[in-house]
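Read through the structure below, which is laid out as structure tokens, and then see the notes.
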Amino acid sequence: MAITGDQSFLKQINRIAMIRLVRAQTGLSRADIAKQTGLTKSTVSLLVQELIDEGWLCEETVQATGLVGRRPTPLALGTERLALLGVDVGCDFLNVLISTLKGEILYREMRPFTNTAIDARLDALMPMLKSALKLHPAYRVLGIGFGIHGILSADARQLIHAPNLGWTHLDIHALIAQKLSAARINLPFYPMNESNAGALAESVFAQNPAHHSLVYLSMGVGLGAGIVLKGRLYCGHDGYAGELGHTIMQIDGPQCGCGRRGCAETLISQSGLSRLLEEKEILTIAELQRRLQTGDIQTQEAVNTAGRMLGVLLQNIANSINPEEIVLGGPLVDLGDALVGPAMSTFSASQGRFDTRATIIRISQAGLDACALGAAARVFEEMLQPGSAG
Ligand SMILES: [Zn+2]
């Protein structure tokens, strides 16, 4: 078959295919890549060398086997030249981190920040970004991902609603562009929803991300979720798939910020727990932990109730989406067994007669870095799209 079209575009597609292959199967040799892509060995050698020179790939040390003859050199993602910058524009803190292509965190600056004005937040972030970039001159940073705690439009240019920050209808893309330009930071950037970022953090850097399907739950002041199906973020028709926090779990239940009643978020979140405990202010995780440690019965009961509701939500997710894993993330997870224990027992007890395969339920490995790390992962994903800036 004759291949026509733009040669440099084809070359980029081949380069991307090779990076994806090595990401999925660390240790592949040049010959393996030729076999799997159908490209000639000489083309593969040429492109692999280019990718090594640029820092996308590296050669791993060949294990001595004692056998005679040259062993094929295993390839892996490069971790010494290229980096990803991820930002969590959190509700009460800011987090900036630099990660390798494998998700190893090289640098992090997290600090409390309570001023919810968008201008103040972005202004505070710019010097943090500059420090991060200055401290790692040896790395070429490919771009910046911004994790935003709110609902974004499908093209991620508009912020539709961020209830916990009081933001509605902001041109978030233009605002960030303006601040980056004023700070003279000239890098491609990608705003995204916080829970979607958490889901990417757990999937992009996992073994064989192309086959991974998971649901990430972000539980804190509110309750968000991100869905990854077969390695791709599922955003839905209008961009807000995964709003599992606003699925109704209790008819005529507590009033939710979204206008409905009895949403999962009103039952499984810091705000839900604070309401159960009849507190006017939203309780911090530290305060909830303190009350649990001192054996406060009311708090124990409230957390137990939230945990049982979480178990029902997990069962609903397992049945409706059938992911390989459900990952529990966000600060609420720090309540530990008091929350997760009743969730797991309710999940198991509500197993249906025909549920043959168990969904794995686990705690997020990225912890409070999940959003920023996922925003960094988004940059990597963007670079692996044909026509990207990478
Ligand atoms: Zn709601």
Side-chain angles (χ1 to χ4, degrees), residues 89-92 116 147-154 156 158-170 172 192-199 215-227 233-285 288 302-303 305-321 323 326-333 335 339 342-343 346-347 350 370-371:
V89 192
C91 289
D92 50 9
T116 55
I148 313 277
H149 293 241
I151 299 170
L152 275 75
S153 60
Q158 304 291 320
L159 178 126
I160 297 163
H161 187 41
N164 298 318
L165 289 159
W167 303 344
T168 47
H169 297 287
L170 292 176
I172 194 79
M192 71 182 307
N193 168 267
E194 172 262 342
S195 313
N196 285 345
V215 174
Y216 173 85
L217 285 184
S218 173
M219 304 182 286
V221 172
L223 174 58
I227 303 170
L233 201 57
Y234 178 69
C235 293
H237 182 64
D238 292 316
Y240 50 86
E243 286 300 324
L244 299 171
H246 299 286
T247 51
I248 296 169
M249 293 183 71
Q250 194 178 314
I251 291 176
D252 299 328
Q255 183 70 49
C256 182
C258 73
R260 301 180 186 90
R261 282 186 167 275
C263 290
E265 179 167 295
T266 65
L267 307 165
I268 315 157
S269 64
Q270 275 163 262
S271 41
L273 286 170
S274 309
R275 182 190 46 77
L276 273 180
L277 293 165
E278 296 176 357
E279 296 283 345
K280 284 200 183 95
E281 299 287 317
I282 292 175
L283 294 169
T284 63
I285 295 296
L288 286 163
V303 173
T305 304
R308 288 170 56 219
M309 295 311 285
L310 173 59
V312 174
L313 181 65
L314 294 174
Q315 190 58 247
N316 292 346
I317 294 170
N319 276 306
S320 55
I321 299 171
I326 304 174
V327 184
L328 307 180
L332 211 64
V333 168
L335 298 182
L339 178 85
T346 305
F347 176 76
S350 49
C371 173

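Source: prediction; values computed, not measured. Order of appearance sets the numbers: ligands from 1, and atoms from 1 within every ligand.
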Which residue is it: Val333, Val327, Ile317? I am looking for the one with a side-chain contact (heavy atoms from CB on, under 4.5 Å) to Leu217.
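Testing each of Val333, Val327, Ile317 against Leu217, the sole residue satisfying side-chain contact (heavy atoms from CB on, under 4.5 Å) is Ile317.
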
Does any N or O in the side chain of Gln315 come within less than 3.5 Å of the main-chain N or O of Phe347, such that one atom is a donor and the other an acceptor?
yes

When you measure from the side chain of Trp167 to the backbone N and O of Thr116, does any donor-acceptor pair fall under 3.5 Å?
yes

Look up atom [atom1] in [X] and atom [atom2] in [Y], then write down how far apart they are to the nearest 0.5 Å.
X	Y	atom1	atom2	answer
Glu265	His246	CD	NE2	4.0 Å
Ile151	Ile148	CD1	CD1	13.5 Å
Asn196	Leu152	CG	CG	9.0 Å

What count do you get for protein N/O/S atoms less than 2.8 Å from the Zn ion (ligand 1)?
4

